[in-house]
Amino acid sequence: MTTIINRTDKGKNNEHRNRNMEFLVTVITLTLFVGLLISPIILLRFINRTNIKFKFVSYMTIGVFLTALITIVFAWWAYTSDLLLLKHYGYDIDGMNETEFYGKVLLENMDKVKSLETSIMGIGWPLKAILTFVFYSPYLLIIYGVTYLIGRKTRKAELQ
C-alpha cells in the first residue's frame, strides 16, 4: 500500500506557489504556440518587402528551418515543463517504488501529479516534434496561398 504524507500545514502558500509555477509554464507554452502560428506570417511579410527574386523558394526554405526549430523547442518544452512541474509537486522521478515516487507529494496534488506522470510516458519528445512538424508543415503552404490570393485580389481591385 502506498504511504502518502499529508502536509496541510503549508496550505495557502503552497497553493500560491503551485499556481505561479503553472502560470509560468502556461505562458511559455502559449508563447511558443503563438510563435509557431505567427512566424510564417511575419516571415512572408518580411520576404514580400524585400527584393528577393524567388520569393516562394525563399519563404519555404526559411519557413521550414524556422518552424522546425520552433517545433523542436515546443516539443522539448512540453516534456521539460512536465518534468519541472512533477519535481515542483514533490514527485521523485528517480524513485524505485510508489513510496519513493509519491513520498513528498501533497495529497491535494496527487491527481495533478498522476496526470503529469501519464503525460511523460509513451513516445519521446523528439518523435512528438517530428510528428507535429509533419502535420504542421501544410500550414506554411496555406499561409502562402491565402496571402497570394489576398494580394491578387487587392491588386485587381486597385487596377479597376
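Note that the structure is a prediction, hence the values are computed from the model and not measured. Only heavy atoms go into these numbers, but all of them, side chains included; no hydrogens, no water, no symmetry mates.
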Transitive ILVMFWY side-chain link [X] to [Y], under 4.5 Å:
| X | Y | value |
| --- | --- | --- |
| Ile42 | Phe46 | no |
| Leu83 | Leu127 | no |
| Val64 | Leu37 | yes |
| Leu24 | Tyr91 | yes |
| Leu36 | Leu141 | yes |

(message) For Glu108 and Tyr89, which I'm curious about, is there any donor-acceptor pair between the side chains at under 3.5 Å?
(response) no
Nearest-0.5 Å distance, [atom1] of residue [X] to [atom2] of residue [Y]:
| X | Y | atom1 | atom2 | answer |
| --- | --- | --- | --- | --- |
| Ile38 | Arg45 | CD1 | CZ | 11.5 Å |
| Thr61 | Leu66 | OG1 | CG | 12.0 Å |
| Leu86 | Lys112 | CG | NZ | 9.5 Å |
| Lys153 | Ile150 | NZ | CD1 | 8.5 Å |
| Met121 | Asp82 | CE | CG | 11.0 Å |

How close do [X] and [Y] get, counting heavy atoms only, and between which atoms?
| X | Y | answer |
| --- | --- | --- |
| Leu44 | Ile143 | CD2-O, 4.0 Å |
| Met110 | Val105 | CE-CG1, 3.9 Å |
| Ala129 | Thr71 | O-CG2, 3.4 Å |
| Asn48 | Lys55 | O-NZ, 3.4 Å |
| Gly35 | Ile70 | O-CD1, 4.0 Å |

Is the backbone of [Y] close enough, under 3.5 Å, to the side chain of [X] for a donor and an acceptor to pair up by distance?
| X | Y | result |
| --- | --- | --- |
| Ser115 | Asp111 | no |
| Thr50 | Ile47 | yes |
| Thr80 | Trp77 | no |
| Tyr59 | Leu140 | yes |

With the side chain counted from C-beta on, respond yes when [X] and [Y] share a heavy-atom pair under 4.5 Å apart, and no when they do not.
| X | Y | answer |
| --- | --- | --- |
| Trp125 | Ile72 | yes |
| Leu85 | Glu22 | yes |
| Met21 | Leu84 | yes |
| Lys128 | Tyr79 | no |
| Thr67 | Ser39 | yes |

(request) Assign the ring pair Phe33 / Phe74 to parallel, tilted or perpendicular, where the plane angle (0 to 90°) is split at 30° and 60°. (result) tilted
(request) Apply side-chain contact (heavy atoms from CB on, under 4.5 Å) to the pair Met60 and Phe65, showing each step before the final yes or no. (result) CA-CA 9 Å; Met60 288 304 293; Phe65 285 117; over 6 Å; no
(message) Quick one, Ile120 with Leu116, criterion side-chain contact (heavy atoms from CB on, under 4.5 Å). Give me CA distance, side-chain angles, the key distance, then yes/no.
(response) CA-CA 7 Å; Ile120 64 170; Leu116 287 168; 5.9 Å; no
(request) Output the rest of the hydrophobic cluster of Met96: all Ile, Leu, Val, Met, Phe, Trp and Tyr residues reachable through side-chain heavy-atom contacts under 4.5 Å, sorted by chain and number. (result) none
(request) Examine Tyr136 together with Tyr139 and report whether their ring centres are nearer than 6.0 Å. (result) yes
(request) Could you walk me through whether Leu131 and Ile123 pass the side-chain contact (heavy atoms from CB on, under 4.5 Å) test, one step at a time? (result) CA-CA 11 Å; Leu131 292 175; Ile123 63 173; 4.1 Å; yes
